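Encoded as structure tokens, the structure appears first; notes follow it.
Quantities reported herein were computed from a predicted structural model and do not represent experimental measurements. What's counted below: heavy atoms across the whole structure, side chains too, no hydrogens, waters or symmetry copies.
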Amino acid sequence: MMILLQLKHFTVLGIATETWVVTETSKSTRGYDEGARQAPLRLLSPLMFRILAVNAMALLILVGGVLYLGQFRDNLIAQRVESLQVQAEIIAGALGETTPEGPEATDIDIALARPIITRLVGPTENRARLFSVSGTMVADSRLLAGHKRVVAEPLQTPMSERPFGEQIQNYIYEFLDMFTRRPEMPPNVDKPGMRAVDFLEVATALEGEAMTQLRVRDDGRAVINVAVPIQRFRRVLGALLLTAQTEDIEAVVRAEQMSTVKIFAAAMAVTMLLSFFLGRTIVRPIGILARAAERVRRGIGREESLPEFSERNDEIGDLSRSLSEMTTALYNQIDAVERFAADVAHELKNPLSSMRSALETLQNSDRQDVRDKLMPILVEDVKRLDRLITDISDASRLDAELTRGQMDPIDLGIMIAMLVDGYKTIDLPEGRSVTCEDFEAGVYMVQGIDGRLGQVWRNLIDNALSFSPQNGTVTITLAKDGKYIVTEVTDQGIGIPEGAEEKIFRRFYSERPEQEAFGGHSGLGLAISKQVVEAHGGSVTASNVLNDDGAVCGACFRVRLPAL
């Protein structure tokens, strides 16, 4: 409320357009403070390593499992095809030997062929069918001695009556089959009176070329057909169709799929645990910080504070510490604005009170001598108000200019030499003077804002001149001290009161010479100089100069700025 009242009062004075935002910080606003804490640089941050590890593990498990199962099934089928081709070639060669010798042989001796087929194919689970040149099927390994063989197959148990584990397994198989790539296969042919035209592979074999064909049964299982020609003296006498089932291959693939599912389940469990760990280490702390920041934003008092995860050596710990420091800096800014508003109100009340008293006296007095005494007082108070408002306005814009200003290389030697030359052109009172050495160009280089650093030297020189005695000299020196450029402004005045070396840099603090008129300075010059220097990553100190007898013979202001 006090700040609002002061602003309203300023509006009455006609200066409401000024922006009153002033901070009083002891650290750099642009990150040049050598003592400021900085987050450590890491080649690979812990959080990024955890995220990469989780994503890489899930991707490798998924891609590796899919590639492994696809290649595994194809390899098993390729091996079965190769084995069938060899077996078919053997049987076809044996059947070819059953025909009579000589070029007059045109067909297979069925009576001799059937025992050979039964003998060679019987021990295996494969099925052999023999086709004549005319395309008629003349033999089938499922027929024994001309009679049909009865094959008994147990009925499948209904899904609802199967054990729960088996039901889950079947559901998993059905789900996996949705993502399994299978080649396009023609339907399997198994009917009475089969002929060669029903099989492309058999028709191809009757033309003298062997052929392999994958076909699909009604239940979705694949079968492998290998058809080879039966030849005698390069004459095609028939065709042999050797068929193999793939139930055993499917069983092996199913077993591998179940193993993959188990591995996937284990990997998913690990991934969930890792995700939970990441949630605990990343999401939860960020949520806590966000809620704490919201409480700080909504809080009226300062009892709310941000939690610090100081034990964490990662970005979350850096974030929590930075937010905590930011909150502290914000409170410091609020305190600085409050103090500044109170100081401004106090400084403005003095001339206003004096003006009010003078005006009341003028209204109540008709004496000319009284009016002649009060008018100069009013004029001085108006000048003092104008000087205060100008300095306060400059101080209020300082932070914004330092934040937005562009820092460039500056040669302090040239800057100070030009300032000293400017003072030499001015007729300083009581024979006072300003002097400096001849500085070599390009030696005393710093990074900064030209206008603001020039303001620092002007403030320090003006302050030294105001304390200099008659015919006194203000001396400016430059020197390099490691990574810093040290500038000293020395006068020959009365020095600094004991214990006031730090207080003189406070706003509106003034220790003026006795001969100087009251109100000639606002007490903001040194405070502004200190703020500008610290914004450039430097420091400014004050001390007394002692002679050989230990007596004070002047004051010295020392400014340290990082060398470029």
Could you go step by step and tell me if Val559 and Val486 meet the side chain to side chain contact (heavy atoms under 4.5 Å, CB included) rule? CA-CA 6 Å; Val559 178; Val486 179; over 6 Å; no
Side chain to side chain contact (heavy atoms under 4.5 Å, CB included) evaluation trace for Met415 with Trp457: CA-CA 9 Å; Met415 174 182 284; Trp457 313 131; 3.3 Å; yes
Determine whether Thr541 and Phe557 satisfy the following criterion, side chain to side chain contact (heavy atoms under 4.5 Å, CB included), listing intermediate values before the conclusion. CA-CA 6 Å; Thr541 57; Phe557 287 82; over 6 Å; no
Kindly indicate, with the supporting measurements, whether the criterion salt bridge (Lys or Arg N to Asp or Glu O under 4.0 Å) is fulfilled by Glu534 and Lys530. CA-CA 6 Å; Glu534 290 181 347; Lys530 178 179 177 64; 3.0 Å; yes
What do the steps show when you test Leu561 against Tyr484 for side chain to side chain contact (heavy atoms under 4.5 Å, CB included), and what is the final call? CA-CA 5 Å; Leu561 290 173; Tyr484 290 87; 5.8 Å; no
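The minimum heavy-atom distance linking Val446 with Pro562 is given by the pair CG1-O, 3.5 Å. Residues Ala464 and Val489 approach most closely at CB-CG1, 4.2 Å, considering heavy atoms. Here the closest heavy-atom approach between residue Phe439 and residue Ile476 is recorded as CZ-O, 3.9 Å. The nearest pair of heavy atoms linking Ala441 to Ile414 is CB-CD1, 4.3 Å. The heavy-atom pair separating Ser433 from Leu465 by the smallest distance is O-CD2, 4.1 Å. Closest heavy-atom contact between Leu453 and Gly448: CD1-CA, 4.2 Å.
Between Asp481 atom CG and Arg558 atom CZ the span is 10.0 Å, to the nearest 0.5 Å. A distance of 7.0 Å separates SG in Cys436 from CG in Asp421, rounded to the nearest 0.5 Å. Once rounded to the nearest 0.5 Å, the distance linking CD1 of Ile410 with CG of Leu564 reads 10.0 Å. With values rounded to the nearest 0.5 angstrom, Glu488 atom CD is found 11.0 Å from Arg560 atom CZ. In this structure, CG in Leu359 is found 9.5 Å from CZ in Arg356, a value given to the nearest 0.5 Å. Summarising the geometry, atom OG belonging to Ser468 is positioned 9.0 Å from atom CG belonging to Asn463; distances are rounded to the nearest 0.5 Å.
At a threshold of 4.5 Å between non-hydrogen side-chain atoms, the residues Leu412 and Leu478 count as touching. Side chains of Tyr423 and Asp462 form a contact here, defined as non-hydrogen atoms less than 4.5 Å apart. Two residues are said to be in side-chain contact when any heavy atoms from C-beta on lie closer than 4.5 Å; Val382 and Met355 meet this criterion. Within the 4.5 Å cutoff, side-chain heavy atoms of Thr487 are placed close to those of Ile416. Taking the side chain as every heavy atom from C-beta outward, Ile504 and Ile496 approach each other to under 4.5 Å. Side chains of Val533 and Val456 form a contact here, defined as non-hydrogen atoms less than 4.5 Å apart. Within the 4.5 Å cutoff, the side chain of Val434 has heavy atoms near those of the Leu428 side chain. Residues Val552 and Ile494 are not in side-chain contact: their nearest non-hydrogen atoms beyond the backbone lie 4.5 Å or more apart.
Checked by atom type, the side-chain pair Gln455/Arg452 shows a donor-acceptor distance below 3.5 Å.
Listed for the Arg432 side chain is no donor-acceptor partner under 3.5 Å among the backbone atoms of Asn471. No donor-acceptor pair closer than 3.5 Å links the side chain of Gln531 to the backbone N or O of Ser529. The main-chain N or O of Gly442 is found under 3.5 Å from a side-chain atom of Asp411 such that the two form a donor-acceptor pair. A distance-only check finds no donor-acceptor pair linking the side chain of Asp549 to the backbone of Ala551 [under 3.5 Å]. Side-chain atoms of Asn459 never come within 3.5 Å of backbone atoms of Leu526 as a donor-acceptor pair (strictly under, hydrogens ignored). Although no hydrogens or angles enter the test, the distance criterion places no donor-acceptor pair under 3.5 Å between the side chain of His536 and the main chain of Met407. With hydrogens and angles ignored, the 3.5 Å screen pairs no side-chain donor or acceptor of Asn544 with any backbone N or O of Ala555.
For Glu502, the CD atom counts as loosely surrounded, since its 6.0 Å shell holds 12 or fewer non-hydrogen atoms of other residues, nucleotides or ligands. Residue-environment remark: CD (Glu498) stays at or below the threshold of 12 foreign heavy atoms within 6.0 Å.
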